[in-house]
Amino acid sequence: MSTFDDMDAFEGASLSARAMAARPMPYLDDLNPAQREAVERLDGPVLMLAGAGTGKTKALTARIVHLLTTGRARPNEILSVTFTNKAAREMKLRVGRMLGQQIEGMPWLGTFHSICVKLLRRHAELVGLKSNFTILDTDDQIRLLKQLIRAADIDDKRWPARQLAGLIDNWKNRAWVPAKVPASEASAYNHRGTEFYDQYQTRLRELNACDFGDLLLHMVTIFQNHPDVLDQYQRWFRYILVDEYQDTNVAQYLWLRLLANTHKNICCVGDDDQSIYGWRGAEVGNILRFEKDFPGAHVVRLEQNYRSTEHILAAASGVIRGNEGRLGKELWTDAGGGEKVRLIGHWDGVDEARWTGEEIESLQKGTRGLRPHSLDDMAILVRASHQMRAFEDRFLTIGLPYRVIGGPRFYERLEIRDAMGYFRLVVSPDDDLAFERIVNTPKRGLGDKAQQVIQATAREFGVSLLDGARIAVDEGRIKGKGAGQLRHLCENLGRWREVMLGPVLRQGDVEPDDTDAVIDDEAPFVVGETRRGKPTVTHMELAGMILDESGYTGMWQADKTPEAPGRLENLKELVKALEQFENLQGFLEHVALIMDNESDEAGEKVSIMTLHAAKGLEFPCVFLPGWEDGLFPSQRSMDESGLKGLEEERRLAYVGITRAEELCTISFAGNRQVFGQWQSALPSRFIDELPEEHVDVLTPPGLYGGNYGAASPYGAGSGLETRAAEANVYNSPGWKRMQARSGQRPTSQPRESRTQVIDLTAVSAFEMGQRVFHQKFGYGDITGIEGDKLEIAFEKAGVKKVVARFVHADDDVPF
DNA sequence: CGTCATACTCTTTTT
DNA sequence: GAGTATGACG
């Protein structure tokens, strides 16, 4: 079967090019001249330099629609790549909307990774894989490397697997296969980096697996070594569109260049000022070099900003101006001045969080001529995720609803990964990594020794761990109660697999309720020559069955730790998520590639996220806390990458400010608790780069260091001065206030500013001494009741004041 | 083999 | 400070 037969068979061809060519093009009227040029210049290489908030996605979707409308390409001949699944979804949606019809056939609109998986499944054998290869997540990757490291008798304390993983990842990002890693890297990882890289790749092949970086690397390798394959795709993809081009790494760049080589109709959209992923291999150079790489390229600049006020844009420009070697863009708007960017200094991180919380509440009511804002309009953008905690703590105690975006991802949670380990093993019984993960979870009395026996047996017979386990059990190589449990597990796995595959049909059997399907070609799994009927249970039921019968659910039900209920909840959610998929296999594939978690909880909430996660988003009101040297710009960034690192941090600042539509508030704190240790810092150097005429310095009464220029409470300074200041810290009013606060008198000032409805039913449900459960703090006893707030002595988290509705009575535990 | 205590790293950022 | 990893003990 030729590769393109199935492409044609793809949903794609549903739109006839002729029918579309006759249509009007209303979408063009909606564009400004620059956008319009970017849309209409269809042939040849185009670089769309799109500043923040300049309608990039609009132009990009209009371009796709234009390609379709003019009949230049059918939907399945357009390759459009994004970095995130979210961006891909958004684009699909908007193309459909603009076109006025739902488009089924954009099979090649997706992330680099998802498109590469699709391609790689077709050509896997060219790099020594089978088309049903599994995609390893970071955790599997690390465990695999650790095995290799230990096998080589190296101290994995001194030479951590994470480091090696990072190294290999880097190399893959640069499209270096083991043989191509340059000599200059030879000293990496104690001079054994390349050696391990080679071993690792071999091992992956044995496991019929690949990691994230491989998805791209393998495709580049295939394109380079198999011109016939490349040629097909080069001809097939008549038009290529790339979003966020400034974030591409070398492998992605090569991949694109190879594919674009025939038609050369490649349109890259990006903003060099928003390149913030250098640390994971992105090369700003790709976008800076575009005109050299693609001779005859047209560059279109989108500079009219539709998002922010003048002051905000000017502040952002002022900061980004400090970077060298930009392509150069100046954003402008006709939106008028608006509010100046606000700057405020705080004594410490706790104060910062408290002030921010109060500010959010007054923005909600509407202050100083600003309209009232929904909490959904507000976001707190931090440099590093650990900064989130201060805000979470504060918001929890004052009962301010918030959502953390990009926090611990759903699919990375322990219980989810365990569950998926079971699913993986049912779908592919020779997934050794999955086997290792779940053999002894829940506890089955299979410790180190038993597992070594299994390993040895598997190696001896040259089979998977699961088969090795079967043999080991049959031959009585494993003793004790573990043996029985292991046998049980193996039998279960076999049985679940049979259930999934469906009943075996004998020659001539007819499906009871489907007369056409003597042999069901669409059945998810056709193994060997065996014919299978429709499974008797849905994959959701199967999933539930697996989790229950394996004892996994039971394990958490028996667990009395505070996390257990949440974990069970997550497992339920996991099974629910299965509904959207045809079968377990489809689900696993999806999960491997989905890294963003859309938690669409209802209700108005303030968003808290990292600056990286905020790229592409916008909010009327944005808070940018933690602008202190060392934190932002991050010391590590500067140590590792010097000026380049600093410039990337500066771009991060630029990204942060340009997220704001109406109000942008920057803050810093003189002191912060890091690693449980108090540390002081100076205001960020980026603060000095904010143009004064666009900044409002807020200095609340009794506050230290609210002025900038001479911004720090201790004066701008040398290390000496800082040390001296540290000595003074303990006499300062702020310190004393902090001490007083941590004393937590039960009658501390009631907060008059709150206009929250007190939920009396919630309060009256509690009484002194009652044992309660809190989602974040765990179990505790009520030691005080005051309005709608409870004072609770938590077992783990200590004494806290918490709004009653965040607390549940715990009826399970007698006292 | 499983549980508990201690010791040690960790904080960038993610497809 | 918290989570993980290792080692001693039951």
Side-chain angles (χ1 to χ4, degrees), chain A residues 81-88 110-117 135-139 142 146 155-158 160-163 165-166 169 172-173 211-216 243-244 247-249 251-252 275-282 381-390 393 405-409 411-412 414 440-451 478-482 485 563 591-597 609-615 626 630-641 645 648-649 651-652 655-656 672-679 796-798:
Chain A
V81 258
T82 62
F83 272 85
T84 64
N85 295 293
K86 206 170 132 201
T111 63
F112 275 103
H113 295 272
S114 67
I115 289 172
C116 280
V117 174
I135 303 165
L136 299 193
D137 56 35
T138 345
D139 209 61
I142 301 271
K146 204 168 257 176
D155 182 8
D156 64 342
K157 270 269 162 63
R158 256 181 71 131
R162 303 196 59 83
Q163 187 191 331
D169 223 47
K172 288 185 175 176
N173 286 338
D211 64 22
F212 258 104
D214 281 339
L215 297 176
L216 269 144
D243 195 10
E244 308 281 19
D247 288 337
T248 50
N249 60 34
Q252 288 157 338
S275 162
I276 54 174
Y277 284 109
W279 51 272
R280 72 169 199 221
L381 313 182
V382 298
R383 174 63 183 88
S385 48
H386 68 258
Q387 289 173 261
M388 294 180 181
R389 203 161 124 194
D393 273 0
I405 296 189
R409 267 162 277 292
Y411 292 115
E412 275 172 17
L414 178 78
N440 203 28
T441 315
K443 298 275 182 288
R444 295 194 176 87
L446 298 160
D448 263 359
K449 231 178 74 199
Q451 294 191 35
I478 290 178
K479 290 176 251 321
K481 69 174 177 177
Q485 298 239 47
E563 301 87 64
V591 166
L593 294 173
I594 272 297
M595 281 316 201
D596 51 25
N597 61 328
M609 70 190 90
T610 63
L611 287 163
H612 285 87
K615 193 165 79 154
L631 180 59
F632 188 42
S634 130
Q635 193 57 51
R636 183 160 166 185
S637 216
M638 295 188 294
D639 290 347
E640 280 174 8
S641 322
E648 182 152 316
E649 297 285 308
R651 290 191 290 266
L652 215 37
V655 167
R672 209 173 274 284
Q673 215 173 8
V674 187
F675 302 137
Q677 205 90 51
W678 283 99
Q679 290 190 335
K796 297 256 164 64

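Chain A is the first sequence line, chain B the second, and so forth, proteins listed ahead of strands; every chain is numbered from 1.
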Out of B:dT11, B:dT13, B:dC1, minimum distance to the side chain of A:Lys449 belongs to B:dC1

- Message: Taking any heavy-atom pair under 4.0 Å as a contact, classify A:Phe675: base, sugar-phosphate, or nothing.
- Response: base

Atom CG of A:Asp169 and atom P of B:dT13 are separated, to the nearest Å, by 16 Å

Q) Taking only N and O in the side chain of A:Asn440, is any of them less than 4.0 Å away from OP1 or OP2 of B:dC1? A) no

Of B:dT15, B:dT14, C:dA5, the nucleotide closest to the side chain of A:Thr84 is B:dT15

Here the distance between atom C1' of B:dT11 and atom CZ of A:Arg389, to the nearest Å, is 12 Å

Checklist entry - Counting only side-chain N and O atoms of A:Thr610, is one of them less than 4.0 Å from OP1 or OP2 of B:dT11? => result no

Rounded to whole Å, the CE-P distance (A:Met388 to B:dC10) equals 20 Å

Rounding to 0.5 Å, atoms NE2 (A:His386) and CZ (A:Arg672) come to a distance of 7.0 Å

Identify whether any heavy atom of A:Tyr277 sits under 4.0 Å from a base atom; if not, whether one sits that close to sugar-phosphate; answer base, sugar-phosphate or nothing.
sugar-phosphate

request  = Identify whether any heavy atom of A:Ser114 sits under 4.0 Å from a base atom; if not, whether one sits that close to sugar-phosphate; answer base, sugar-phosphate or nothing.
outcome  = nothing

Here the distance between atom P of B:dT15 and atom NZ of A:Lys172, to the nearest Å, is 18 Å

Report task. Mind checking A:Leu446 for me? I need base, sugar-phosphate or nothing, with any heavy atom below 4.0 Å counting as a touch. Result -> sugar-phosphate

Taken to the nearest whole Å, CG/A:Asn249 to P/B:dT14 is 16 Å

